[in-house]
Amino acid sequence: MLEIVGDEPLGLVAEICCGRGEALDLFQDKVDSALGVDISINMLAAARSKFISPNFLFVQGDATSLPVIENCIDTVIMFGGIHHVKDRSRLFSEIYRVMRPGGRFIWREPVSDFFIWRWIRAIIYRVSSHLEPETERPLLYSETVPILEKIGFEMDVWQTCGFLGFCIFMNSDVLVFNRLFRFIPGIRKITQIMTEFDDWVTRQRSFRNMGLQVIGVARKL
Ligand SMILES: C[S@@+](CC[C@H](N)C(=O)[O-])C[C@H]1O[C@@H](n2cnc3c(N)ncnc32)[C@H](O)[C@@H]1O
């Protein structure tokens, strides 16, 4: 993720569906000032307790109707928020509206272009009591990119990552059973090897679009 985003400063950043501000945490060194927007008051409270700088502001708001004026944000980031929003056209139009021309929209989201992940997710969403299929719809390339381009974004990056290793070892928010893996001796090493395996797989030409997650970057023209 850090490699893809590169060294370019991020300027004034808006993290939409910020939760506890995970993206701001990751990019903190490159951020001048930031606005986090989330619908959940509890998440915002957790974010505020983590970022005490006056340059980091957290406000309640809906991602499809942002409490932000036009053309002012340098970088919009979404980690795991897009797939919770039903009306993607409205979401992306709203992001486009608040961004300054030339600014970047960066995201990391679950993607279901590979049919195996699509099927597994369909089963998990059905059987898992803590997931709501109504509010979880992973991205599809054929649905996402045309909307972004129609609105006026230019795609820079669409790169999938995470394969079997991610599915089995790093998905503890979805697959509850794998929280027990931390008791397995050598689990760190196993996870590291599996992460390297995943990276290798998703770098192969025929597996390039088969990852579980997608990192995307689009620029407002
Ligand atoms: C899976 S969490 C991701 C949180 C964080 N970005 C992360 O990386 O862990 C999804 C977040 O989106 C928020 N959310 C869902 N729908 C929203 C909406 N329409 N507008 C704003 N926030 C929303 C939820 O409250 C939650 O904090």
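Only a predicted model underlies this, so the values are computations on that prediction, with no experimental measurement involved. Start at 1 and go down the list; that is how both ligands and their atoms are numbered.
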key: SB check E109 R88 (cutoff 4.0 Å)   = no

Side-chain donor-acceptor pairs of residues 69-79 under 3.5 Å, sequence neighbours excluded:
{"from": "E70", "atom 1": "OE2", "to": "R97", "atom 2": "NH1", "distance (Å)": "2.9"}
{"from": "N71", "atom 1": "OD1", "to": "K220", "atom 2": "NZ", "distance (Å)": "2.9"}
{"from": "D74", "atom 1": "OD1", "to": "R100", "atom 2": "NE", "distance (Å)": "2.4"}
{"from": "D74", "atom 1": "OD2", "to": "L12", "atom 2": "N", "distance (Å)": "2.7"}
{"from": "T75", "atom 1": "OG1", "to": "L10", "atom 2": "O", "distance (Å)": "2.7"}

Below 3.5 Å, can you tabulate the donor-acceptor pairs from side chains in residues 138-149 to any protein atom, sequence neighbours excluded?
{"from": "E143", "atom 1": "OE1", "to": "R137", "atom 2": "NH1", "distance (Å)": "2.8"}
{"from": "E143", "atom 1": "OE2", "to": "R137", "atom 2": "NH1", "distance (Å)": "3.0"}
{"from": "T144", "atom 1": "OG1", "to": "L140", "atom 2": "O", "distance (Å)": "2.7"}

remark   = Applied to residues 183-204, the salt bridge (Lys or Arg N to Asp or Glu O under 4.0 Å) test, sequence neighbours excluded, yields none

Under 3.5 Å: donor-acceptor pair, side chain of K50, backbone of G21 = no

inquiry  = For S49, is there any backbone N or O sitting under 3.5 Å from a side-chain donor or acceptor partner on R20?
reply    = no

Check each N or O atom of ligand 1 against all protein N or O atoms and list the pairs under 3.5 Å, with atom names and distances to 0.1 Å, one per line.
{"from": "ligand 1", "atom 1": "6 (N)", "to": "C17", "atom 2": "O", "distance (Å)": "3.0"}
{"from": "ligand 1", "atom 1": "6 (N)", "to": "F79", "atom 2": "O", "distance (Å)": "2.8"}
{"from": "ligand 1", "atom 1": "8 (O)", "to": "F79", "atom 2": "O", "distance (Å)": "3.3"}
{"from": "ligand 1", "atom 1": "9 (O)", "to": "E22", "atom 2": "OE1", "distance (Å)": "3.3"}
{"from": "ligand 1", "atom 1": "19 (N)", "to": "D62", "atom 2": "OD1", "distance (Å)": "3.2"}
{"from": "ligand 1", "atom 1": "20 (N)", "to": "A63", "atom 2": "N", "distance (Å)": "2.9"}
{"from": "ligand 1", "atom 1": "22 (N)", "to": "I39", "atom 2": "N", "distance (Å)": "3.2"}
{"from": "ligand 1", "atom 1": "25 (O)", "to": "D38", "atom 2": "OD1", "distance (Å)": "2.6"}
{"from": "ligand 1", "atom 1": "27 (O)", "to": "D38", "atom 2": "OD1", "distance (Å)": "3.3"}
{"from": "ligand 1", "atom 1": "27 (O)", "to": "D38", "atom 2": "OD2", "distance (Å)": "2.7"}

